[in-house]
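Counting starts at 1 for both ligands and their atoms, following the listed order.
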Amino acid sequence: MATAPKGTKDLLPQESYKWQYIEDTAREVASLFNVSEIRTPTFEHTEVFTRGVGDTTDIVNKEMYTFLDKGERSITLKPEGTAGVARAFVENGLFNSALPVKLYYITPCFRYERPQAGRLREFHQFGVEFLGSTSPSIDAEAIVLADTFFKKLNVNGLKLHVNSIGCKTCRKEYHKALIEYYKKNEDKLCPLCKERLYKNPMRLLDCKNEECKKLAINAPKILDYICDDCREHFNSVQNYLKTAGIDFIVDAGIVRGLDYYTKTVFEFVSENIGAQGTVCGGGRYDSLIADLGGQDVAGIGFALGIERLLLLMENTGVKIGNEHAPLIYIAPMGEQEKYVAFKTVLSLREKGISAETDNMNRGIKAQFKYADKIKAQFVGVIGSEELNNGVIKIKDMKLGTEEQVKLDGVYEYLRIKKND
Ligand code: HAM
């Protein structure tokens with residue numbers, strides 16, 4: 001029997017309503033912050049990610065699903081959302097629209113990683129990207145949006161860590177210091193880190209290899225090297241966060257695993273979901289658009305993993321939406337009655353009431369069992385007597401009470417009950 005590929009998951013009805021709830025909340029919060037949806041392709045030309053995410057990152061080096069298509073083009077399934085959005089921004093001339101351009105997406109992403117709790121090969125991100133502003137207020141706005149989303153979902157226990165990783169100018173000195181530090185321990189580095197030490201020493205700080213992780217603890221900290229401009233920006237971001245009443249920890253250990261970041265970086269981290277504790281990560285990327293061939297346009301954004309968010313909500317006992325259930329199940333007791341039930345259900349649906357009836361030729365007892373399983377709030381029975389009198393017997397499944405209602409009054413009856 002065929003099975004789903006390792007690291008992927010089927011989303012079944014007993015889970016999908018939770019996803020709809022998360023997605024609806026994401027869209028609602030995005031709208032509050034005046035952020036519009038963008039949908040970019042599931043795959044891009046590989047260079048979008050090698051240039052965007054960076055060819056010394058773990059994502060590009062080890063984790064991408066890259067293949068040649070039948071036209072011999074190198075194609076990659078998106079490992080993240082930002083680079084594709086940046087590509088779309090440039091290609092579609094969004095620079096000419098009113099700035100800042102505020103975008104959000106809900107998208108599958110693909111990374112060839114070792115699957116474990118909270119880590120999949122196909123996972124899903126809700127992300128936002130704000131393009132065209134260098135103001136520290138917009139960094140804070142992105143963070144506040146994520147925070148608002150978590151609060152709306154009643155998620156608790158997430159800690160916000162913020163840092164600044166400086167700009168191209170101040171990073172030069174920092175790179176020197178890192179190379180100096182790591183050179184002394186070069187023999188302990190993993191092969192990939194040995195290779196990238198001189199090309200991009202900051203990537204050693206987020207290597208997942210155990211030895212490299214140990215070395216990263218005592219490595220020089222970027223905050224000791226950032227220039228006045230970056231420091232001022234970072235201070236201002238913190239002041240905006242304080243203004244928003246958001247708690248945060250300045251954490252020099254947050255460097256993020258993607259090359260496009262400049263200045264502000266942040267993560268929302270949980271201690272309740274095991275090793276993969278980062279639910280949301282983001283930051284500023286002031287050179288990405290130019291690196292992809294566009295104008296000199298700044299950007300800031302974040303993405304959060306929906307699977308990790310759900311894991312956190314489940315582990316901390318937070319209610320995640322309502323399972324779908326029809327308001328009424330209509331149970332016909334004979335052939336003639338089936339037509340009436342069919343018609344009644346259609347007319348209820350037309351008026352916006354979720355209704356269900358028999359399509360399995362079940363007897364009345366089995367129909368009640370089924371109605372119970374699908375959690376219908378009411379069951380309406382149509383037998384020969386009801387058919388002759390143009391009525392339906394409606395049972396409230398929770399209260400156990402029963403009422404006889406005229407067939408042409410079912411909608412009104414349910415409308416009132418629904419709002420009770
Ligand atoms: P990232 O930190 O690579 O950043 O991913 C963001 C989030 O996606 C993570 O915090 C995590 O919740 C989720 N995630 C990542 N990999 C996996 C996986 N293998 N399985 C399950 N969940 C995963 C980015 O992707 C950036 N594009 C964020 C960003 C947007 N920065 C600026 N704008």
**OP:** Answer yes or no: does atom CZ of Phe342 have more than 12 heavy-atom neighbours from other residues, nucleotides or ligands under 6.0 Å?
**Re:** no
Subject >> Atoms in ligand 1 flagged as close to Leu258, the criterion being non-hydrogen separation under 4.0 Å >> reply: 3 (O), 4 (O)
Subject >> Proximal ligand 1 atoms for Arg111, defined as those under 4.0 Å from one of its heavy atoms >> reply: 1 (P), 3 (O), 5 (O), 15 (C), 16 (N), 25 (O)
Subject >> Contact check, side chains of Val53 and Thr50, non-hydrogen atoms, under 4.5 Å >> reply: no
**OP:** Taking only heavy atoms of Glu129 into account, list the atoms of ligand 1 that are under 4.0 Å away from them.
**Re:** 30 (C), 32 (C), 33 (N)
Subject >> Test item: Arg87 and Phe49 side chains (from C-beta on) under 4.5 Å apart, heavy atoms >> reply: no
Original post:
Does ligand 1 have any atom that is closer than 4.0 Å to a heavy atom of Gly257?
Top reply: no
Original post:
For atom 13 (C) of ligand 1, what's the nearest protein heavy atom and its distance?
Top reply: Gly305 CA, 3.7 Å
**OP:** With heavy atoms only and a cut-off of under 4.0 Å, state how Glu267 meets ligand 1: side chain, backbone, both or neither.
**Re:** neither
Original post:
Between Ser135 and Ser133, does any side-chain donor sit less than 3.5 Å from a side-chain acceptor?
Top reply: no
Original post:
What protein heavy atom is closest to atom 20 (N) of ligand 1, reported as residue, atom name and distance in Å?
Top reply: Leu120 N, 2.9 Å
**OP:** Under 4.0 Å from a heavy atom of Gly282: give me the atoms of ligand 1 that qualify, with their elements.
**Re:** 31 (N)
Original post:
Going by heavy atoms in the side chains, are Tyr104 and Leu145 under 4.5 Å from each other?
Top reply: no
Subject >> Short N or O distance, Ala303 and ligand 1, threshold 3.5 Å exclusive >> reply: no
**OP:** Heavy-atom distances under 4.0 Å are what count here, so tell me which part of Tyr260 touches ligand 1: side chain, backbone, both or neither.
**Re:** side chain
Original post:
Quick check, are the ring centers of Tyr329 and Phe378 under 6.0 angstrom apart?
Top reply: no
Subject >> Nearest-neighbour protein heavy atom for atom 12 (O) of ligand 1, which is reported as residue plus atom name and distance >> reply: Val279 O, 2.9 Å
Subject >> Structural part of Arg256 in contact with ligand 1, heavy atom criterion under 4.0 angstrom >> reply: side chain
**OP:** Pick whichever of Leu288, Thr278, Thr82, Leu304 has a heavy atom sitting closest to atom 30 (C) of ligand 1.
**Re:** Thr82
**OP:** Apply salt bridge (Lys or Arg N to Asp or Glu O under 4.0 Å) to the pair Lys152 and Asp147, showing each step before the final yes or no.
**Re:** CA-CA 9 Å; Lys152 264 217 184 302; Asp147 186 73; over 6 Å; no
**OP:** Report the member of Gly7, Gly118, Gly127, Ala142 with the shortest heavy-atom distance to atom 21 (C) of ligand 1.
**Re:** Gly118
**OP:** Ignoring angles and geometry beyond distance, decide whether Gly81 reaches within less than 3.5 Å of ligand 1 through its nitrogen or oxygen atoms.
**Re:** no
Subject >> Val318 and Leu153: CA distance, side-chain angles, deciding distance, side chain to side chain contact (heavy atoms under 4.5 Å, CB included) verdict >> reply: CA-CA 8 Å; Val318 177; Leu153 294 172; 5.8 Å; no
Subject >> More than 12 heavy atoms from other groups under 6.0 Å of CG on Asp224 >> reply: yes
**OP:** Test Arg203 against every option in Thr57, Asn61, Asp259, Asp58 by the side-chain hydrogen bond (donor to acceptor under 3.5 Å, both in side chains) rule and name the one that passes.
**Re:** Asp259
**OP:** May I ask you to identify, for Arg308, whether its side chain, its backbone, both or neither come under 4.0 Å of ligand 1 on a heavy-atom basis?
**Re:** side chain
Subject >> ligand 1 contact on Leu309 by region, counting heavy-atom pairs under 4.0 Å >> reply: neither
Original post:
How does Glu307 reach ligand 1, by side chain, by backbone, by both or by neither, if only non-hydrogen atoms under 4.0 Å count?
Top reply: neither
**OP:** Please work out which of Phe123, Phe268, Phe130 has its closest non-hydrogen atom nearest to atom 23 (C) of ligand 1.
**Re:** Phe123
**OP:** Could you tell me which atoms of ligand 1, counted from 1 in the order shown, lie closer than 4.0 angstrom to a heavy atom of Tyr261?
**Re:** 26 (C), 28 (C), 29 (C), 31 (N), 32 (C)
Original post:
For ligand 1, is there an N or O atom under 3.5 Å from any N or O atom of Gln125?
Top reply: yes
**OP:** Taking atom types as modelled, find out whether Glu129 and Thr82 have a side-chain donor-acceptor pair closer than 3.5 angstrom.
**Re:** yes
Original post:
Within the structure, does Ile59 bring an N/O atom to less than 3.5 angstrom of an N/O atom in ligand 1?
Top reply: no
**OP:** Please determine if Arg362 forms a cation-pi arrangement with Tyr370, meaning its NZ or CZ atom is less than 6.0 Å from the six-membered ring centre and no more than 45° off the ring axis.
**Re:** yes
Original post:
For ligand 1, which atoms have a heavy atom of Gly281 less than 4.0 angstrom away?
Top reply: 10 (O), 28 (C), 29 (C)
**OP:** For the residue pair Asn154 and Lys319, establish whether any side-chain heavy-atom pair is separated by less than 4.5 Å.
**Re:** no
Subject >> Heavy atom of the protein closest to atom 19 (N) of ligand 1 (residue, atom name, distance) >> reply: Glu113 OE2, 2.7 Å
Original post:
Under 3.5 Å between some N or O of ligand 1 and some N or O of Arg119?
Top reply: no
Original post:
Could you walk me through whether Asp139 and His233 pass the side chain to side chain contact (heavy atoms under 4.5 Å, CB included) check?
Top reply: CA-CA 10 Å; Asp139 302 32; His233 185 95; 2.8 Å; yes
Original post:
ring-ring contact (aromatic ring centres under 6.0 Å, His included) with Phe149: which of Phe33, Phe302, Phe126?
Top reply: Phe126
Original post:
More than 12 foreign heavy atoms under 6.0 Å from CZ of Arg39: is that the case here?
Top reply: no
Subject >> Contact partition for Pro79 relative to ligand 1, non-hydrogen atoms under 4.0 Å >> reply: neither
**OP:** Record the part of Phe302 in heavy-atom contact with ligand 1 below 4.0 Å; permitted values are side chain, backbone, both and neither.
**Re:** backbone
Subject >> Per-atom contacts, ligand 1 versus Glu80 - under 4.0 Å to a heavy atom >> reply: 25 (O), 26 (C), 27 (N)
Original post:
Taking side chain as C-beta onward, heavy atoms only, is Thr107 less than 4.5 Å from Cys109?
Top reply: yes
**OP:** Would you mind running through ligand 1 and noting each atom that sits below 4.0 Å from a heavy atom of Cys280?
**Re:** 10 (O)
